[in-house]
Amino acid sequence: MTVRVRFAPSPTGALHIGGARTALFNWLFARKLGGKFILRIEDTDQQRSTLEANRAIFHGLEWLGLDWDEGPNVDGPLGPYYQTERLEIHQKHIDQLLKEGKAYYCFCSPEELEKKRQEAAARKEAPRYDGTCRKLAEAEIKQLAESGKRKVVRFLLPPTGDTIVSDLIRGEVVFKNELLDDFVIQKSDGFPTYNFACVIDDHTMEITHVIRGDDHLSNTPRQILLYLAFGWQPPKFAHIPMILGKDKARLSKRHGATSVIAYSDIGYLPEAVLNYIARLGWAHGDQEIFSREELIEKFSLKGVSKSSAIFDTDKLNWLNGKYIREILPERLIDLCEPLLIEAYGNHDLEYIKKVVLAFHDRLTLIPEIVPLSKFFFTDDFEYDQKALEKHFKTVNAKKIMETLKERLAKVEPFTKDKIEPVFKGLAQEMDLKLGMIIHPCRLALTGTLQSPPMYDVVEILGKKKVEERIERAIASL
RNA sequence: GGCCCCAUCGUCUAGUGGUUAGGACAUCGGCUUUUCAAGCCGACGGCCGGGGUUCGACUCCCCGUGGGGCUACCA
């Protein structure tokens with residue numbers, strides 16, 4: 001039997017980091033085993049589901065390169081792939097349970113239930129549904145229904161016994177049926193609840209492995225009971241650990257960027273994010289860097305850990321820097337160019353390319369190039385105060401700069417291999433350490449003490465700018 | 001409250017009864033260099049606590065503690 005897994009987000013917000021990792025593990029599992037990766041949108045919450053969130057989820061998955069074999073926009077034999085388009089299927093199964101006496105109508109209002117819950121809590125009892133409507137007679141049901149009273153459908157649970165979840169990551173987890181209550185499977189708006197729709201859809205879509213967040217483990221016995229009620233074979237389950245924020249609380253907006261797309265906006269590369277989240281809760285020996293192909297090759301549920309993981313931006317940053325250093329120059333240029341144009345207006349593309357390449361090795365996040373390269377695009381910069389004290393207020397600073405200016409004026413063509421000897425020759429003639437020339441020069445040209453290698457900067461800036469800036473420096477000496 | 005899951009450096013993790021408990025990020029130091037990064041080398045730093053089991057426990061069992069989850073007409 002071929003493996004079929006699914007990622008089943010609800011479109012109530014952007015694709016967040018946790019969801020992305022769940023999607024990734026499912027995707028890797030399918031790709032590794034030559035199975036199918038299915039995307040199903042669980043949009044049965046009419047209040048919270050939005051079209052925008054739906055698009056955001058696609059966008060996030062696409063950015064990470066997690067393509068689905070069946071799902072929205074990719075027809076498959078077992079669709080549709082929006083849960084709300086499967087309502088007849090759900091209804092049919094609701095009816096079946098009702099008919100078989102495995103489910104029943106409940107007319108208790110939310111207010112009544114809430115009141116009972118509070119009372120139970122006050123008595124320090126578990127807030128479980130008390131089964132009021134379980135014993136309703138046929139005639140009563142009919143009458144209540146005809147009176148237009150809102151109703152839900154509840155699943156009738158076996159009152160005793162154990163339900164065992166056989167989890168691929170956690171082993172066997174035993175739940176006592178008596179601790180569960182008759183949960184709602186169809187809401188008063190006629191929509192199925194999560195636990196029900198999930199089971200019906202997973203079964204009818206022939207899902208073989210349910211790989212999902214740890215937060216669903218406690219829901220699993222309810223779902224298994226449903227499978228059993230239908231006489232179905234449950235899929236295999238694998239509950240992966242959650243991702244937490246620095247404060248060990250579940251990752252949320254409070255922790256800053258949580259949506260995958262936010263990471264794109266901040267300047268992370270999709271391969272870095274992919275690599276990072278793959279390693280959150282999963283390991284393959286000591287290896288840290290994995291290409292997409294390696295991930296597919298090496299992924300296994302056996303490597304998934306049981307404990308939750310804290311999201312560590314520092315490590316993500318390190319990975320991102322590593323990936324940036326490895327990407328093709330053309331790609332880096334494509335990434336940086338719009339940011340530079342936005343910040344500094346239009347400039348010659350060739351010039352922009354040279355600037356970008358000068359910073360290729362020194363970026364952790366793409367947008368860092370904007371402030372770092374400021375001096376390449378504007379004369380409007382101040383000298384760093386401390387640097388000024390150190391490198392401009394030396395006895396022969398003026399002499400050095402004047403001589404440097406004269407010499408550079410004669411360089412032709414103005415390329416770094418012609419520029420370098422000027423600096424070195426000058427140092428030798430004046431019996432100075434090279435730094436004595438380079439430091440003030442860097443300060444004159446960039447206003448700072450940090451820049452790409454000096455000769456590169458001089459060349460890229462060009463003869464005219466270099467002269468102007470050295471003059472400006474001399475004037476301030 | 002009840003039930004469930006989890007527990008190795010600050011963080012991500014390797015480990016599967018006998019190891020100097022390994023790697024990575026971060027931090028700190030050194031080297032290199034025209035600066036800053038990068039890179040290389042090194043340092044710091046960990047088996048949550050208590051009981052068992054065993055010749056021997058990070059590893060197995062129990063209890064505690066801590067963290068997380070579920071307990072919705074959310075998913």
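The chains referred to below are lettered A, B, ... by the order of the sequence lines, with proteins before strands, and numbering in each begins at 1.
Remark: B:rU65 base-pairs with B:rA7; criterion is Watson-Crick or G-U wobble with both hydrogen-bond distances under 3.5 Å. Using N1 to N3 plus N6-O4 or O6-N4 for Watson-Crick, or N1-O2 and O6-N3 for G-U wobble, each under 3.5 Å, B:rG42 pairs with B:rC28. Checking B:rG18 for Watson-Crick or G-U wobble geometry (two distances, each under 3.5 Å) identifies B:rC55 as its partner. Taking a pair to require two hydrogen-bonding distances under 3.5 Å in either a Watson-Crick or a G-U wobble arrangement, B:rC70 pairs with B:rG2. Checking B:rU34 for Watson-Crick or G-U wobble geometry (two distances, each under 3.5 Å) identifies no partner in any strand.
Between the base of B:rG23 and the side chain of A:Gln287 there is no donor-acceptor pair shorter than 3.5 Å.
Using C1' as the reference atom, B:rA75 and B:rA7 are 28 Å apart when rounded to the nearest Å. Taking the P atoms as reference points, B:rU59 lies 28 Å from B:rG1, given to the whole Å. Comparing the P positions of B:rC61 and B:rG22 gives a spacing of 25 Å, expressed to the nearest Å. Remark: the separation of the C1' atoms in B:rC44 and B:rC5 is 34 Å, to the nearest Å. For the P atom pair drawn from B:rG23 and B:rA37, the interatomic distance equals 25 Å after rounding to whole Å. Taking the P atom of each, B:rU35 and B:rG49 are spaced 47 Å apart, rounded to whole Å. Straight-line distance between the P atoms of B:rA21 and B:rC55: roughly 23 Å, to the nearest whole Å. If you take atom P in B:rC25 and the same atom in B:rG39, they sit 8 Å apart, rounded to whole Å.
With salt bridges taken as basic N to acidic carboxylate O contacts below 4.0 Å, none links A:Arg6 and A:Asp201. Using a 4.0 Å cut-off between a side-chain N of Lys or Arg and a carboxylate O of Asp or Glu, A:Glu402 and A:Lys398 do not qualify as a salt bridge. With salt bridges taken as basic N to acidic carboxylate O contacts below 4.0 Å, one links A:Arg40 and A:Asp202. Taking the charged nitrogens against the carboxylate oxygens, A:Glu368 and A:Arg362 have no contact shorter than 4.0 Å, which rules out a salt bridge.
Nucleotide B:rG15 holds its P atom 10 Å from the NE2 atom of A:His284, rounded to whole Å. Atom pair A:Asp247:CG and B:rU11:C1' shows a separation of 14 Å (rounding to whole Å applied). Rounded to whole angstrom, the span from the CD atom of A:Gln118 across to the P atom of B:rG1 amounts to 18 Å. Summarising the geometry, the separation between CD1 on A:Ile289 and C1' on B:rU13 is reported as 14 Å, rounded to the nearest angstrom. Distance, A:Ile243 CD1 to B:rG69 C1': 15 Å, rounded to whole Å. Taking atom CG on A:Leu244 and atom P on B:rC6, their separation rounds to 15 Å, with Å as the unit. Put simply, NE2 on A:His239 is 11 Å from C1' on B:rC5, counting in whole angstrom units. Separating the CG atom of A:Asp286 from the C1' atom of B:rU8 is a distance of 14 Å, rounded to the nearest angstrom.
Within the 4.0 angstrom heavy-atom criterion, no nucleotide atom of any strand lies near A:Val165. Using a 4.0 Å heavy-atom cutoff across all strands shown, A:Gly321 reaches no nucleic acid atom at all.
Between the CD1 atom of A:Ile17 and the NE2 atom of A:His255 there is a distance of 13.0 Å, given to the nearest 0.5 Å. Distance check, rounded to the nearest 0.5 Å: CG of A:Asp361 to CD of A:Glu326 gives 11.0 Å.
Relative to the six-membered ring of A:Phe155, A:Arg222 misses at least one condition, a distance below 6.0 Å or an angle of at most 45° to the axis. Cation-pi geometry between A:Arg472 and A:Phe381 is satisfied (NZ or CZ under 6.0 Å from the ring centre, within 45° of the ring normal).
Nearest nucleotide to the A:Asp214 side chain, out of B:rC12, B:rC5, B:rC6: B:rC5. Residue A:Asp312 places its side chain closer to B:rU11 than to any other of B:rU13, B:rU11, B:rA24.
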>> I'd like to compare against my own output: the B/S/- annotation of nucleotides 70-75 of chain B with a strict under-4.0 Å heavy-atom distance to protein.
In response: SSSBBB
> Tell me, for nucleotides 28-42 of chain B in 5' to 3' order, what letter each nucleotide earns: B for a base near a protein heavy atom under 4.0 Å, S for only sugar-phosphate near one, - for neither?
Replying inline: ------BBBBSS---
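Partner of A:Phe25 under the ring-ring contact (aromatic ring centres under 6.0 Å, His included) criterion, out of A:Phe299, A:Phe7, A:Phe37, A:Trp282: A:Phe299 alone. The residue from A:Lys418, A:Lys416, A:Lys424 that alone fulfils the salt bridge (Lys or Arg N to Asp or Glu O under 4.0 Å) condition with A:Glu420 is A:Lys424.
Residues A:Lys176 and A:Leu316 both approach RNA chain B. Their nearest nucleotides, taken by heavy-atom distance, put A:Lys176 toward the 5′ side.
You'll find the ring centres of A:Phe183 and A:Phe196 outside the 6.0 Å limit.
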